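Fair warning: this is a prediction, and the values are worked out from it, not measured in the lab.
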Amino acid sequence: RLAKLKKADIASEAERLALQEASVIGPVFWEQALAALDAHAPKSLPALVRRELALPQLDDGLDHEMLEYAFSHQMLHHVTYATLLKSTRRALHARAATWLAGLTGARASDFLGAAAEHFELAGDIIQACEFFARAAEHARSRFEHDAALGHVERALMLLDREATKAGPDHRGLTSEAAATLALRWRLLVVREYTLNTRGERAEQRATLDTMQDVADALDDDSRRSLVARRRSLFGLRTADYREPVDLGAGHELTFHPAGHLLGAASARICFGEGAQRRRLLVSGDIGRYDDDFMADPAPPSGPVDYLLVES
């Protein structure tokens, strides 16, 4: 079957070119995508089907109006793709990426990751990272945790590689650098939320630290606020009684047994610096002593300036 790639076995150069262009889309491709790469290529599909190089698929991956085909063998796809010059591959990947990015409909979001991969292979790294971010956000919304983290890690790797190639920038925070940091922020948010859902606390804590760095680099108080809120929620899920939780920016949270319900706690929050340092204690009901099931209520670990209690 691989011998069919030889010129003698393909009736025209148009058929050979159509097969090569289809290989850029992938082992499975669509007639409409092939037309986006080359308007004349779909005319060769009937001949490729007759020669059993491409096989029509009954169940498509986009919608019922899309005509889907697959290479008859995985090796055939790899060998065909390898015959293309690198410069030609990049140009065709760019067209495939643009076509995938322009899809509409109920399942269009399922192909955001594919668009990102084609942008990457086309050499458009920023667009690739943008679509990896969109794919990660979509995957997180559907609780596809592995897919979300995979898209995030791929994009962050690309951003890090581009930053290494560019070297240090002594011009300050340019608009381009700010846009890249904003993109990195979106990826980190997806990673932090996903890690929180999966309960991977060490990785989540490290991601929160990185988010803090990005928020500070952008000098963005709204992002700093989100990091503080997420750190607070992190502390609620992971902190033990009497163990201070660092909320960042000098803020600290400590829980103390309240004895009211199982797990109930009073929260001592310290914020500000130096003479402006303030300590706030917040609590619901305070329980009784000598309960068979709950720890006795405990006083705060230090003085407080403000006390807010339910009763």
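In this structure, the side chain of Arg89 engages the main chain of Leu84 through a donor-acceptor pair within 3.5 Å.
In this structure, the ring pair (Phe, Tyr, Trp, His ring centres under 6.0 Å) partners of Phe29, at least two apart in sequence or on a different chain, are Tyr69, Phe71. Residues meeting the salt bridge (Lys or Arg N to Asp or Glu O under 4.0 Å) test with Asp246, sequence neighbours left out: none.
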Begin from the C-alpha positions of Leu45 and Leu34 and carry the test side chain to side chain contact (heavy atoms under 4.5 Å, CB included) through to its verdict. CA-CA 10 Å; Leu45 285 173; Leu34 187 58; 4.0 Å; yes

With side chain to side chain contact (heavy atoms under 4.5 Å, CB included) as the test, would you mind laying out the steps for Ser109 and Leu112 before giving the verdict? CA-CA 5 Å; Ser109 295; Leu112 292 168; 4.1 Å; yes

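Side-chain contact check for Arg198 versus Leu149: some heavy-atom pair is nearer than 4.5 Å. Using a 4.5 Å heavy-atom cutoff, the side chains of Arg191 and Leu156 are in contact. By the 4.5 Å heavy-atom criterion applied to side chains, Leu37 and Trp99 are not counted as neighbours.
For the 3.5 Å distance criterion, the side chains of Glu192 and Asn196 fail to qualify, holding no donor opposite an acceptor. Residues Thr180 and Arg184 have side chains that never bring a donor and an acceptor to within less than 3.5 angstrom of each other. Checking Arg134 against His138 by side-chain atom types alone, no donor-acceptor pair falls below 3.5 Å.
By the criterion of side-chain heavy atoms lying less than 4.5 angstrom apart, applied directly or through intervening Ile, Leu, Val, Met, Phe, Trp or Tyr residues, Leu121 is not grouped with Met157; the two fall into different hydrophobic clusters.
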Side-chain donor-acceptor pairs under 3.5 Å in residues 295-309, sequence neighbours left out?
unit_1	atom_1	unit_2	atom_2	d
Asp296	OD1	Asp290	N	2.8
Asp305	OD1	Arg279	NH2	3.1
Asp305	OD2	Arg279	N	2.8
Asp305	OD2	Arg279	NE	3.1
Asp305	OD2	Arg279	NH2	3.4

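Open room surrounds CZ on Arg205; 12 or fewer heavy atoms of other groups in view lie less than 6.0 Å from it.
Annotation: cation-pi geometry not satisfied between Arg186 and Phe132 (NZ/CZ under 6.0 angstrom from ring centroid, within 45° of ring axis).
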